[in-house]
Amino acid sequence: MLTAIPLLALPLVAYNVLALTRGDIWGNVILTIDMVRGDSFALTAGGLFVFVSVVLLFLEILKSTRTGTGSIVDHLLSVVVFVVCLVEFLLVSIAATETFFLLTTMALVDVIAGFSITIRAARRDVAIDPNAL
């Protein structure tokens with residue numbers, strides 16, 4: 001039953017904990033890498049957060065290919081995560097950041113992809129015998 005928990009709920013909780021305890025840390029540079037061409041690449045906390053969230057979105061899309069009653073619960077909980085993200089983005093000041101907007105967009109993609117993949121898989125599972133009519 002733990003597999004029914006949407007993975008994007010983890011970054012949602014992590015964002016809220018970090019934003020409430022640390023404040024606006026999303027622009028802080030975590031890592032700087034000197035590039036071959038002479039420039040430098042700066043990875044911010046927000047960029048790292050979005051990267052981890054994209055990896056979790058990929059895993060969540062892989063989870064949506066499963067069929068069964070657990071997948072229905074997973075899709076419904078993904079919708080709840082998206083609604084929470086959307087409401088928080090619109091109403092809470094600490095969520096009015098680019099990082100949280102991207103997390104909200106990933107939650108929307110998760111919902112759309114989950115239902116689309118499930119519908120596509122269900123279509124393949126249904127076999128109609130043309131001779132039965």
Side-chain angles (χ1 to χ4, degrees):
M1 192 65 181
L2 286 177
T3 58
I5 296 173
L7 295 176
L8 288 179
L10 300 174
L12 175 62
V13 170
Y15 182 94
N16 286 316
V17 168
L18 289 171
L20 288 173
T21 59
R22 305 272 184 172
D24 189 16
I25 62 166
W26 308 112
N28 296 350
V29 175
I30 294 175
L31 175 70
T32 304
I33 300 173
D34 293 328
M35 305 302 280
V36 175
R37 64 181 181 271
D39 296 340
S40 62
F41 168 74
L43 179 64
T44 63
L48 180 62
F49 184 83
V50 169
F51 171 74
V52 171
S53 299
V54 167
V55 170
L56 291 175
L57 174 62
F58 173 72
L59 295 174
E60 189 67 31
I61 289 174
L62 288 179
K63 276 178 40 180
S64 68
T65 60
R66 295 179 294 132
T67 56
T69 56
S71 64
I72 295 170
V73 173
D74 186 31
H75 294 320
L76 292 175
L77 291 174
S78 292
V79 171
V80 169
V81 168
F82 170 66
V83 169
V84 168
C85 284
L86 184 62
V87 169
E88 189 171 344
F89 178 71
L90 294 174
L91 301 178
V92 180
S93 60
I94 63 169
T97 64
E98 178 184 17
T99 303
F100 197 82
F101 172 74
L102 291 172
L103 178 62
T104 304
T105 304
M106 283 183 258
L108 175 63
V109 168
D110 177 31
V111 169
I112 293 170
F115 283 115
S116 300
I117 291 169
T118 302
I119 289 169
R120 182 90 172 171
R123 229 183 256 166
R124 273 184 284 172
D125 290 344
V126 175
I128 300 174
D129 184 14
N131 297 327
L133 299 174

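Keep in mind that the numbers below use all heavy atoms, side chains included, and drop hydrogens, waters and symmetry copies. Everything numeric here is computed off the predicted structure, so don't read it as measured data.
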| said: Membership question, hydrophobic clusters at under 4.5 Å side-chain separation (ILVMFWY): are Val83 and Ile72 in the same one? | reply: no
| message | Can you pull out every ring-ring contact (aromatic ring centres under 6.0 Å, His included) where at least one residue sits in residues 50-75? Sequence neighbours excluded, please. | response | His75-Phe115
| task | Please test Ser53 against Tyr15 for side-chain hydrogen bond (donor to acceptor under 3.5 Å, both in side chains), starting from the C-alpha separation and ending with a verdict. | result | CA-CA 11 Å; Ser53 299; Tyr15 182 94; over 6 Å; no
| query | So, do Phe49 and Leu102 sit near enough that their side-chain heavy atoms are less than 4.5 Å apart? | reply | no
| request: Look up atom CG in Leu59 and atom NZ in Lys63, then write down how far apart they are to the nearest 0.5 Å. | output: 9.0 Å
| message | Let me check something: do Val87 and Val79 share a hydrophobic cluster, defined by ILVMFWY side-chain heavy atoms less than 4.5 Å apart, either directly or through other members? | response | yes
| task | Can you sort out the partners of Asp74 under side chain to side chain donor-acceptor pair (under 3.5 Å), two or more places apart, ordered by chain and number? | result | none
| If Ile, Leu, Val, Met, Phe, Trp and Tyr residues are connected whenever their side-chain heavy atoms lie under 4.5 Å apart, and connections chain through other members, are Phe100 and Leu90 in the same group? | yes
| field | Closest heavy-atom pair and its distance - Gly27, Thr44 | value | O-CG2, 3.8 Å
| note | Taken to the nearest 0.5 Å, the spacing of Ile33 CD1 from Leu43 CG works out to 7.5 Å
| message | Do Val29 and Met35 land in one hydrophobic cluster if side-chain heavy atoms of ILVMFWY residues count as linked below 4.5 Å? | response | no
| message | Using every non-hydrogen atom in the two residues, find where Phe89 and Thr104 come nearest and quote the distance to one decimal. | response | CB-OG1, 4.1 Å
| Considering all heavy atoms of both residues, which atom of Asp110 and which atom of Glu60 are nearest to each other, and what is their separation? | OD1-CG, 3.0 Å
| request: Please identify each residue that fulfils side-chain contact (heavy atoms from CB on, under 4.5 Å) with Val80, with sequence neighbours left out. | output: Val84
| task | Write down the atom of Ala113, the atom of Ser64, and the distance for their closest heavy-atom approach. | result | O-OG, 4.4 Å
| Rounded to the nearest 0.5 Å, how far apart are CD1 of Ile112 and CD1 of Ile117? | 11.5 Å
| field | Rounded distance [0.5 Å steps], CD1 in Ile5 versus CG in Leu10 | value | 8.0 Å
| remark: Taken to the nearest 0.5 Å, the spacing of Leu7 CG from Leu77 CG works out to 11.5 Å
| said: Once rounded to the nearest 0.5 Å, what's the spacing between atom CG of Asp24 and atom OG1 of Thr97? | reply: 7.0 Å
| said: Ignoring hydrogens, what is the shortest heavy-atom contact between Leu12 and Glu88? Give both atom names and the distance. | reply: CD1-OE1, 3.8 Å
| Which residues satisfy the side-chain contact (heavy atoms from CB on, under 4.5 Å) test with Leu18, sequence neighbours excluded? | Arg22, Ile25, Trp26
| said: Starting from Val36 and following side-chain heavy-atom contacts under 4.5 Å between hydrophobic residues (I, L, V, M, F, W, Y), which residues can be reached? | reply: none
| Which pairs pass salt bridge (Lys or Arg N to Asp or Glu O under 4.0 Å) with one or both residues in residues 33-56, sequence neighbours excluded? | Arg37-Asp39
| Same apolar cluster: Leu76 and Phe82, side chain cutoff 4.5 Å | no
| Of the options Val111, Val50, Leu56, Val81, which is the one that meets Met106 in a side chain to side chain contact (heavy atoms under 4.5 Å, CB included)? | Val50
